[in-house]
Amino acid sequence: MTRTVFVGTPAYLARIDGVTRCAFWTGEPVEHDFDPARLISVDLARTPSAAAANEISWADVDVDDCFSGPGGDTGGSTLGPAWPELHLMGAVYLATAFVDRLPPALRPTGFTGSDGVPGSDGSRGSDGSDGSDGSDGSGGFDGSGGFAGSDGFAGELYERQSVVYWPGTNDPRAGNRYAGHCAEVLEQRGTLARVAVYPPGRSTDTSPVTMWLDLASPEHCDAGPDSLTTIGGTVTRGALFLISSSL
């Protein structure tokens, strides 16, 4: 393995355990009466940048960094007790290996663990129901992190995912970070394609922007062996992991 894949979730700070350690809820806490059973504890310093600096191993990466993305927008994990600054609400991008270790009830919606059990993202109502009455206890979040919708996001699972390729390898993507988008190929000339790209997590409730890119270039997107990008060739709509930053 030469990469770490992350899945994002809205986050509401619940408990501060240290400068970088905290516990958070993935849903609006008022909706589930501040249920402590729904807390996820994490150390926000266990990031790709820490691994790249040899402060931790890549196997110990649990969350993505907070970083400046295209256009200077803040990307990645934006929650923090005091790092990078105090944010009571935000987004946390958890390594999929970390999510796999969580109980199914705490896994983000759409994520299926190695045990074959899909996550519910706090979908029980505060009375223990399945949320079918509309009070799913998860709350909406339409701010830092780009999540929206009644369960915190509106789109496919890959739209709330990102991937970092580890530096120091022969992979042309080494050191790059890519963010998942829903995209549709409008025109293709070899590896060059004109695509309609939706903002992450917003493919069901907003309009796309159109751009040309090279689907074979790691400078544009996750292109190469075992790529997370699925569009191109006969696949006209699906996942497009665009480059968002570098370590």
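Predicted model, so just to flag it, every value in this text is computed and none were measured. Residues: numbered from 1 along the sequence shown. These values consider heavy atoms only, across backbone and side chains, with no hydrogens, waters or symmetry-generated copies.
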Would you indicate whether the side-chain heavy atoms of [Y] and [X] approach each other to under 4.5 Å?
X      : Y      : value
Phe67  : Ser244 : yes
Phe241 : Val163 : yes
Asn176 : Val164 : no
Tyr178 : Arg173 : yes
Thr26  : Leu106 : no
Arg46  : Ser57  : no
Ile243 : Glu219 : no
Arg38  : His32  : yes

Would a distance-only check, ignoring hydrogens and angles, find a side-chain to backbone donor-acceptor pair under 3.5 Å from [X] to [Y]?
X      : Y      : value
His181 : Ala179 : yes
Thr230 : Ala239 : yes
Arg107 : Val117 : yes
Arg177 : Ser162 : no
Asp64  : Gly76  : no
Glu156 : Tyr158 : no
Gln161 : Gly8   : no
Asp33  : Asp35  : no
Asp43  : Ala45  : yes

Going from [atom1] on [X] to [atom2] on [Y], what distance comes out if it is rounded to the nearest 0.5 angstrom?
X      : Y      : atom1 : atom2 : answer
Arg21  : Leu44  : CZ    : CG    : 10.5 Å
Leu102 : Ser41  : CG    : OG    : 10.0 Å
Ser227 : Asp222 : OG    : CG    : 3.5 Å
Tyr198 : Cys182 : OH    : SG    : 6.5 Å
Ile56  : Thr47  : CD1   : OG1   : 6.0 Å
Cys221 : Leu240 : SG    : CG    : 5.5 Å

Taking all non-hydrogen atoms of both residues into account, name the closest pair between [X] and [Y] and its distance.
X      : Y      : value
Leu215 : Ala223 : O-CB, 3.2 Å
Arg202 : Glu159 : N-OE1, 3.2 Å
Ile231 : Ala183 : CG2-O, 3.8 Å
Cys66  : Ser77  : CB-O, 3.0 Å
Val42  : Phe24  : CG1-CE2, 3.8 Å
Val63  : Phe6   : C-CE2, 3.4 Å

(Q) Going by side chain to side chain donor-acceptor pair (under 3.5 Å), name the pairs with one or both residues in residues 206-215, residues two or more places apart or in two chains. (A) Thr191-Asp214

Q. Among side-chain atoms of Ser49 and Asp65, is any donor-acceptor pair under 3.5 angstrom?
A.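 There is such a pair between these side chains.
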
**Q.** Chi angles and distances behind the side-chain contact (heavy atoms from CB on, under 4.5 Å) call for Trp25, Leu39
**A.** CA-CA 5 Å; Trp25 288 290; Leu39 289 176; 3.3 Å; yes

Q.
Which residue in the set Thr96, Thr9, Leu94 passes side chain to side chain contact (heavy atoms under 4.5 Å, CB included) when paired with Phe111?
A. Thr96

Q) Would you call the rings of Trp166 and Trp58 parallel, tilted or perpendicular, where under 30° means parallel and over 60° means perpendicular? A)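 If you compare the ring of Trp166 with that of Trp58, the planes turn out parallel.
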
Q | Pair Val197-Met211, side-chain contact (heavy atoms from CB on, under 4.5 Å): steps then yes or no | A | CA-CA 8 Å; Val197 183; Met211 64 180 71; 4.1 Å; yes

